[in-house]
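One structure is given below, encoded as structure tokens.
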Amino acid sequence: MRVFKKPSVYLVSSIFLIMIGLNLVFPSSAEAAIAFRSKTFTSFGTSSTSKTVTEPAGAAQNDILFLWMVLDGSPTVTTPTGWTLLHSIQGVKPSKTALFWIRRGASAPSYVVNFTSSGYGEFSVTAWSGAETSGSPIHKNTTNGTRFVAPPEPDPPAVTTTVANTMIVIFGMGWSGWSSIAGAPTGYTIRESGVNGNNNDIAVASKALAAAGTEDPGKFTGGVLNPGNQNDVAEVTIALMEPGAVSAAPVRHRVIQN
């Protein structure tokens with residue numbers, strides 16, 4: 001006759017810990033990673049006080065939208081309805097650069113941007129899926145502020161993240177324009193460099209960051225027009241976080257004995 005022994009409490013505890021470990025490595029459900037969806041670019045070359053930009057293709061509910069823009073001169077920019085202003089950067093040349101964000105609802109937000117008169121302007125809207133769906137999705141947000149330098153190469157600032165799986169989104173503006181279409185810093189993917197080839201002033205790039213830590217993006221590439229001349233530069237670095245992201249903390253397991 002075969003005798004079956006009752007499993008010991010240690011065996012039960014070991015199996016329990018293994019199951020917990022497997023769940024951590026292979027979770028039963030997972031949020032989709034943050035991803036770039038699409039973008040639109042708009043520019044004008046005549047005096048204007050308002051511009052309606054186009055929504056990125058396929059933009060959906062809970063997407064995070066960034067509006068990155070530059071205007072000639074020192075205009076006052078009115079925050080588009082429903083959007084949040086992150087940065088308004090007045091240059092010396094002068095130029096006015098601004099960055100706004102919004103979480104898209106079930107329908108498209110307002111894309112009307114009003115400002116006092118400007119003789120030239122560029123607008124980029126990028127859409128990002130898979131980010132935090134309540135509260136602010138922005139884990140880190142930093143800018144170099146006003147800079148008037150030669151060569152006028154956008155060099156977004158470093159950020160230090162404390163959560164994993166962020167999307168680093170960098171925004172650059174060089175008022176001299178690029179001598180060719182802007183390229184991304186090493187390890188980044190260009191998301192916006194305009195549609196007109198030479199002379200575009202704004203650019204956007206991104207990089208998925210798996211682990212928490214310090215990230216220093218480096219400069220946008222492609223060269224600038226008149227690199228020996230001082231000109232306005234504006235840069236912003238954003239770290240988008242996934243739903244439910246929390247600061248790193250030690251994982252504790254509780255063993256239940258009976």
Side-chain angles (χ1 to χ4, degrees), residues 23-40 56 58-69 83-87 89 97-105 109 124-145 154-173 182-193 202-221 234-252:
N23 189 58
L24 291 173
V25 177
F26 304 106
S28 58
S29 63
E31 299 289 346
I34 301 172
F36 170 73
R37 188 183 294 281
S38 59
K39 65 95 175 182
T40 57
Q61 187 169 4
N62 287 325
D63 278 3
I64 303 303
L65 304 168
F66 287 113
L67 169 58
W68 177 233
M69 56 178 285
W83 295 70
T84 297
L85 175 66
L86 291 174
H87 296 284
I89 305 168
T97 313
L99 178 64
F100 304 89
W101 83 274
I102 194 171
R103 177 179 290 107
R104 192 187 189 281
S124 167
V125 181
T126 52
W128 307 83
S129 63
E132 175 59 66
T133 57
S134 65
S136 175
I138 299 173
H139 174 56
K140 296 291 180 178
N141 167 28
T142 185
T143 178
N144 284 328
D155 186 2
V159 292
T160 299
T161 63
T162 58
V163 298
N165 301 319
T166 55
M167 177 65 75
I168 307 299
V169 186
I170 56 175
F171 303 84
M173 190 286 293
T186 301
Y188 281 74
T189 300
I190 198 74
R191 302 303 186 182
E192 175 66 85
S193 61
I202 57 177
V204 182
S206 67
K207 174 184 177 181
L209 200 64
T214 299
E215 172 65 16
D216 189 355
K219 296 180 180 180
F220 281 94
T221 61
E235 309 106 333
V236 177
T237 303
I238 298 287
L240 280 177
M241 59 185 178
E242 292 184 323
V246 294
S247 299
V251 177
R252 295 183 175 88

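Just so it is clear, the structure is predicted and the values come from calculations on it, not from any experiment.
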Using side-chain heavy atoms (C-beta onward) and a distance below 4.5 Å, is [X] in contact with [Y]?
{"X": "Ile238", "Y": "Leu86", "value": "yes"}
{"X": "Ile34", "Y": "Glu242", "value": "yes"}
{"X": "Phe220", "Y": "Ile190", "value": "yes"}
{"X": "Ile170", "Y": "Val236", "value": "no"}
{"X": "Thr237", "Y": "Phe171", "value": "no"}
{"X": "Thr143", "Y": "Glu235", "value": "no"}
{"X": "Phe66", "Y": "Val204", "value": "no"}
{"X": "Pro109", "Y": "Arg104", "value": "yes"}

Which pair of non-hydrogen atoms, one from His139 and one from Thr162, has the smallest distance, and what is that distance?
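Closest approach of His139 to Thr162, heavy atoms only: NE2-N, 3.0 Å.
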Closest non-hydrogen atom pair, Ala184 against Ala205:
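What the structure gives for the nearest pair is CB-CB, 4.0 Å.
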Using a distance-only test with no angle check, is there a side-chain donor-acceptor pair under 3.5 angstrom linking Thr160 and Thr214?
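Present: a donor and an acceptor within the cut-off.
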Taking Arg37 first and then Asp63, would you say they form a salt bridge - that is, a charged N and a carboxylate O separated by under 4.0 Å?
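Counted as a salt bridge, because a side-chain N and a carboxylate O are separated by less than 4.0 Å.
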Give a yes or no answer on whether the side chain of [X] reaches the backbone of [Y] with a donor-acceptor pair at less than 3.5 Å.
{"X": "Asn144", "Y": "Pro156", "result": "no"}
{"X": "Ser136", "Y": "Ile138", "result": "yes"}
{"X": "Thr161", "Y": "Gly213", "result": "yes"}
{"X": "Glu132", "Y": "Gly244", "result": "yes"}

When rounded to the nearest 0.5 angstrom, what distance separates CH2 in Trp68 from CG in Leu99?
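If I round to the nearest 0.5 Å, the distance is 6.0 Å.
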So, taking the atom named CD1 in Ile102 and the one named CG in Leu65, what distance separates them when rounded to the nearest 0.5 Å?
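Ile102 atom CD1 to Leu65 atom CG measures 7.0 Å (nearest 0.5 Å).
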Using the test salt bridge (charged side-chain N to carboxylate O under 4.0 Å, His left out), find all partners of Arg191 that sit at least two apart in sequence or belong to another chain.
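With neighbours one apart ignored, the set is empty.
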